[in-house]
Amino acid sequence: MGLQSNIQSEPVARLPLREGIIVAADATVRSVMDRMRQRQLGCAIVVDADGRPLGTFSERTVIELLLQQPDQFEQRTVGQNLDEAWFHVRNTDPIVAVLDLVQEQGARFVCVIAEQGRAVGLTGQKGLSEYIADH
């Protein structure tokens with residue numbers, strides 16, 4: 001099969017996934033920022049008590065917070081500051097679903113969710129690039 005056919009038929013689980021930073025909604029912005037910096041990732045996956053994603057918290061949101069509410073920065077939680085648009089796919093969806101999100105929605109990070117609804121990692125531009133390079 002060719003690359004185009006593979007992208008349309010192979011599941012997202014075949015993409016290289018990065019281990020996501022998974023945090024509870026009540027985690028402080030500061031603590032999550034520190035973890036993002038240490039792991040050199042631009043976003044964290046915010047989950048509920050059952051480990052199901054509620055959304056993402058990204059470096060873009062950090063900048064917005066600093067510009068809009070710098071005096072409340074230390075007291076804010078990531079659950080109060082979820083990204084309005086966050087992108088996710090199931091690990092069984094075809095790879096083309098990630099490609100569509102990156103191309104059409106401008107997604108940098110895409111949360112990958114397992115059948116049970118739990119986050120299993122991140123992919124996006126980098127995962128697609130690595131997949132294409134391998135093929």
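Heavy-atom basis, side chains included; hydrogens, waters and symmetry copies ignored.
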Under 3.5 Å donor-acceptor pairs involving side-chain atoms of residues 20-30, not counting sequence neighbours:
unit_1	atom_1	unit_2	atom_2	d
T28	OG1	S31	N	3.1
T28	OG1	S31	OG	3.0
R30	NE	E74	OE2	3.3
R30	NH2	E74	OE2	2.7

(message) Less than 3.5 Å apart, any donor N or O on the side chain of N81 or T61 sitting next to an acceptor on the other?
(response)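 N81 vs T61: no donor-acceptor pair found between side chains.
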
(message) For Q80 and T77, which I'm curious about, is there any donor-acceptor pair between the side chains at under 3.5 Å?
(response)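 The criterion, which ignores hydrogens and geometry beyond distance, is satisfied for T77 and Q80.
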
(message) Quick test of your reading: applying ring pair (Phe, Tyr, Trp, His ring centres under 6.0 Å), list the pairs with at least one residue in residues 6-61, sequence neighbours left out, ordered by first then second residue.
(response)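 Pairs touching residues 6-61 that pass the test: none.
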
(request) Scan residues 90-132 for pairs that pass ring pair (Phe, Tyr, Trp, His ring centres under 6.0 Å), counting only residues two or more places apart or in two chains. (result)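 Sorted pair list: Y131-H135.
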
(request) Report the distance from atom CG of L101 to atom SG of C111, rounding to the nearest 0.5 Å. (result)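 These two atoms lie 11.5 Å from each other.
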
(message) What's the separation between atom CG in L82 and atom CD1 in I45, rounded to the nearest 0.5 Å?
(response)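 It is 12.0 Å, given to the nearest 0.5 Å.
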
(message) If you count heavy atoms of other groups shown closer than 6.0 angstrom to CZ of R14, is the number above 12?
(response)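 Not buried by this count: 12 neighbours or fewer within 6.0 Å.
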
(message) Please give the remaining members of the hydrophobic cluster of W86, linking ILVMFWY side chains under 4.5 Å, ordered by chain and number.
(response)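 Reading the cluster by chain and number, W86 sits alone, since nothing else belongs.
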
(message) Would you say V32 ends up clustered with L41 if hydrophobic residues are merged whenever their side chains have heavy atoms under 4.5 Å apart, either directly or through other cluster members?
(response)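 Yes, because L41 and V32 connect within a single hydrophobic cluster, where side-chain heavy atoms sit under 4.5 Å apart.
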
(message) According to a hydrophobic-cluster definition based on side-chain heavy atoms being under 4.5 Å apart (Ile, Leu, Val, Met, Phe, Trp, Tyr only), do M33 and V47 belong together?
(response)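 Same hydrophobic cluster.
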
(request) Return yes if some donor-acceptor pair links the side-chain N/O of R39 with the main-chain N/O of E19 below 3.5 Å, else return no. (result)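 Between the backbone of E19 and the side chain of R39 there is a qualifying donor-acceptor contact (under 3.5 Å).
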
(message) When you measure from the side chain of D48 to the backbone of R52, do you find a donor-acceptor pair of N or O atoms at a distance under 3.5 Å?
(response)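 Checking the backbone N and O of R52 against the side chain of D48, a donor-acceptor pair under 3.5 Å is found.
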
Quiz: residues 114-130 side-chain donor-acceptor pairs under 3.5 angstrom, not counting sequence neighbours:
unit_1	atom_1	unit_2	atom_2	d
R118	NE	D50	O	2.7
R118	NH2	D50	O	2.9
S129	OG	Q125	O	3.0

Looking only at heavy atoms, which two atoms of [X] and [Y] are closest? And how far apart?
| X | Y | value |
| --- | --- | --- |
| M36 | E59 | CE-N, 3.6 Å |
| R76 | L65 | NE-CD2, 4.5 Å |
| V112 | R90 | CG1-C, 4.4 Å |

(request) Quick one: list whatever passes salt bridge (Lys or Arg N to Asp or Glu O under 4.0 Å) with D100, sequence neighbours left out. (result)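 With neighbours one apart ignored, the set is empty.
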
(message) With heavy-atom distances below 4.5 Å as the criterion, would you say the side chains of V98 and V12 are in contact?
(response)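 Counting from C-beta outward, V98 and V12 do come under 4.5 Å.
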
(message) With heavy-atom distances below 4.5 Å as the criterion, would you say the side chains of P94 and I7 are in contact?
(response)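 Heavy-atom side-chain distance check fails, nothing below 4.5 Å.
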
